[in-house]
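Computed over heavy atoms, backbone and side chain alike; hydrogens, waters and symmetry mates excluded.
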Amino acid sequence: WRSTPVGCTWALWRRGSGRRARALAAMGVISVQTISKELMLACRQLGHVVPEALATLVASTVINTNSGTFYAEGPIDETDAKAVVEEAAKRILAIGHKGIHCLKLQASYEHAFAETEHQSQKQHLEAKAAEDRSVNWIAGFTARFDQDFSTLTGLYKRIYQFLLLRCTSPQGVARAERDQAVEREVAAALESVFPRVGLRSFVALTGPEKTAQLQELAGIVLGIRLFNQHCKKGGTGLPTLDGAFEQLRADELLEGVQREVDEVTELCKQFSDAIMVARKPALAGEWPKPPTEEETEQNRSDLLYHRQYLCYLLNLQEDTTSCIERLRNDQHSLSEELIALEALVGGRVSVPKEHVYPRFDGIARVYRNAFQEVQLLRVRSQLFGILQELRKGYFPLLPRASMEMLANAPQKDGALLLLDDEQDEPIDLDALPAPTGAEGEGMTTAVRLTVDNTPDFLQLPLDFQGFCVHTLVTQQRLLVPGNPAFGVIKYAGRYCVFATECGCADFCDAPDRYFSSVRDMCYKHPELIHLLRVHEDFPAASLQTIVQGTASSQAVLQADAETETPLHFQETNIDKSYEWNEWKMRRDALHMADIKRKATSTTQTALSHLRRETETQVYLPKEIATNTTVSKGTNPPRLKKYHRFLRGEPQPMKVAEISFDLKPGPPR
């Protein structure tokens, strides 16, 4: 380590890290997350950017030489934290450290997988939250009275907005984009399926009934849009299933994964055979040029790397194959449903809703399920691309010396013929304990399960990823897959398979010894923890827990930064009151001279008697009244009747009518 170019810089960092160590000690018990951030900062100062997931994983798997366990499994003080940071930085930055490449592969892939899952889940939760807000508002709606037209219109608009969220994309959106063609089509489908006259009966339903009606309405409207798209009369903005399938290039993806699986499988076989050949002598004696122990150890580490890479490829291959199969089934079902619906509708103007509405809903359901598979397939394609990028960074091949030795080794039917293989005695596997059906069987004694004595033999969950623990322990972490044809050994709730018959018999004699040896080997080589899937035995170093804690986290790091500044600063003095215009200066001078001849007088008014300073004196605007109306009256004439000849000499009575027109005269 000291001879590497980074060693000198590392020594300088150690001398300058006392202040940070004292700051960590002030916090009491130090967590692994704090140590990982300190480790990232140390690596950044040494010129290397380390992801948080890798820093946390390496810091969690630093072994304590005093206890033989990880530091993360107990409380960490100042001294332990400093030792963890130093050892973890050595592992990450050392050029020839064995096992660090496998840890980088595990951390990078699992972190990318968690990030893609987090992004998909985030989009789904945002769309679901927007949908739930609309559904809850509609389900809790109550009208004041039946004829409340404005309130019912608002309810209808909210239903329309809910359909825009659900029916403009396969999985729903949090915010619908403005598209007039889509809005017109959704509005027409809503008016056809659920006219406004049905609002009164809808309001009378309970909350759960309204929610169920809304979900069914969304399925029917989406089915109508898909049928319009099939008839080339609408469906704007909805992606087609055929187009999405072609865009993913699923067949090319599956072929690429299959090529990678075949290549890495052959490479793993070459590495395992080379390690076996190096340990066992040839039939004719010793090998002429056997590899050194260091080369053999490097081959073992590279084999673990390729085993982990192959496990990821096999998982991708299985997921991709199942996704493509389900997607093609959904594609075929959707096509059949659309053709059957087109034959049912035909050229008729109206069709009974009891016949077409269930078909529309079924089309929407198949369409949504198909695009869930499209999303899964898109994520698997991204993960395969990440594996390809990781392969460009590190992908070791078998050394030339091991290849030459392997080429000279005798083989029969693709299997090596070594001296120890000729001396093995046949083992009777039927003599091993078989299951009897007793309760708790296989917990204290090892039991051999076969196809004959176990009905669900093909569905047994294999522990240790199906690798042979006997070969792992006896061959110094040589990792080879087990052969289920020899049977599955059940012990302590675990199901183990072995590569040889001798391995089955030896494990049944002392199973606890092999389990404890596997545990000790995982402490020495922590990349085996995730590779063998033994997270339960090492909860502090569980990669799944680490990735969940670091996924989508924005770790704030401190880093030294520099900037370029001028050598000599030029001072600038700017007088804001400088005036260059002589005429303006003359005008200002005359104005100031004229002001000096003026006298300023003040007086106290009713509106300013509470103010003390004259410069704050204000005068409120004068109130002005306006007359906007004119009052006018009428002066109608007054009629009076007078009876004549009621007195005096007798004469016929007459009635006289007199009209008085009263006009106002001048004032007196």
Report the residues that fulfil salt bridge (charged side-chain N to carboxylate O under 4.0 Å, His left out) with [X], sequence neighbours left out, ordered by chain and then residue number.
{"X": "E389", "result": "K392"}
{"X": "D132", "result": "K128"}
{"X": "D251", "result": "R328"}
{"X": "R259", "result": "none"}

Can you list everything that forms a ring pair (Phe, Tyr, Trp, His ring centres under 6.0 Å) with [X]? Sequence neighbours excluded, please.
{"X": "H535", "result": "H530"}
{"X": "F507", "result": "F498, Y514, F515"}
{"X": "Y312", "result": "Y109"}
{"X": "F245", "result": "none"}

Check: D463 main-chain N/O paired with R533 side-chain donor or acceptor under 3.5 Å: no
Main-chain N/O of E318 paired with T321 side-chain donor or acceptor, under 3.5 Å: no
Measure across [X] and [Y] and return the closest heavy-atom pair with its distance rounded to 0.1 Å.
{"X": "T265", "Y": "L310", "answer": "OG1-CD1, 3.5 Å"}
{"X": "V49", "Y": "R44", "answer": "CG1-NH2, 4.2 Å"}
{"X": "T450", "Y": "G487", "answer": "CG2-CA, 4.4 Å"}
{"X": "A370", "Y": "L327", "answer": "O-CD1, 3.4 Å"}
{"X": "I63", "Y": "Y71", "answer": "O-CE1, 3.5 Å"}

Point-to-point distance, once rounded to the nearest 0.5 Å, from CD of E110 to CG of L383: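 If we round to the nearest 0.5 Å, E110:CD and L383:CG are 9.5 Å apart.
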Nearest-0.5 Å distance that lies between atom NE2 in H101 and atom CG in L390: 12.0 Å
May I ask you to check whether [X] and [Y] show a side-chain donor-acceptor distance below 3.5 Å?
{"X": "Q215", "Y": "R166", "answer": "yes"}
{"X": "E325", "Y": "N329", "answer": "no"}
{"X": "R391", "Y": "Q388", "answer": "no"}
{"X": "N299", "Y": "T296", "answer": "no"}

[X]: which residues meet the side chain to side chain contact (heavy atoms under 4.5 Å, CB included) condition with it, sequence neighbours left out?
{"X": "Q123", "result": "none"}
{"X": "H525", "result": "R477, M521, E527, L528"}
{"X": "A499", "result": "C468, T471, V480"}

Lys/Arg-Asp/Glu bridge criterion (N-O < 4.0 Å) met for K37, E52: yes
Donor-acceptor pairs under 3.5 Å, side chain of residues 489-497 to any protein atom, not counting sequence neighbours: which ones?
{"unit_1": "Y491", "atom_1": "OH", "unit_2": "D512", "atom_2": "OD1", "d": "2.6"}
{"unit_1": "Y491", "atom_1": "OH", "unit_2": "D512", "atom_2": "OD2", "d": "3.0"}
{"unit_1": "R494", "atom_1": "NH2", "unit_2": "D537", "atom_2": "OD1", "d": "3.4"}
{"unit_1": "R494", "atom_1": "NH2", "unit_2": "D537", "atom_2": "OD2", "d": "2.9"}

Parallel, tilted or perpendicular, as decided by the 30° and 60° cut-offs, for the rings of F271 and H306: tilted
Distance flag, aromatic centroids of Y305 and Y394, threshold under 6.0 Å: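 Y394 vs Y305: aromatic centres under 6.0 Å.
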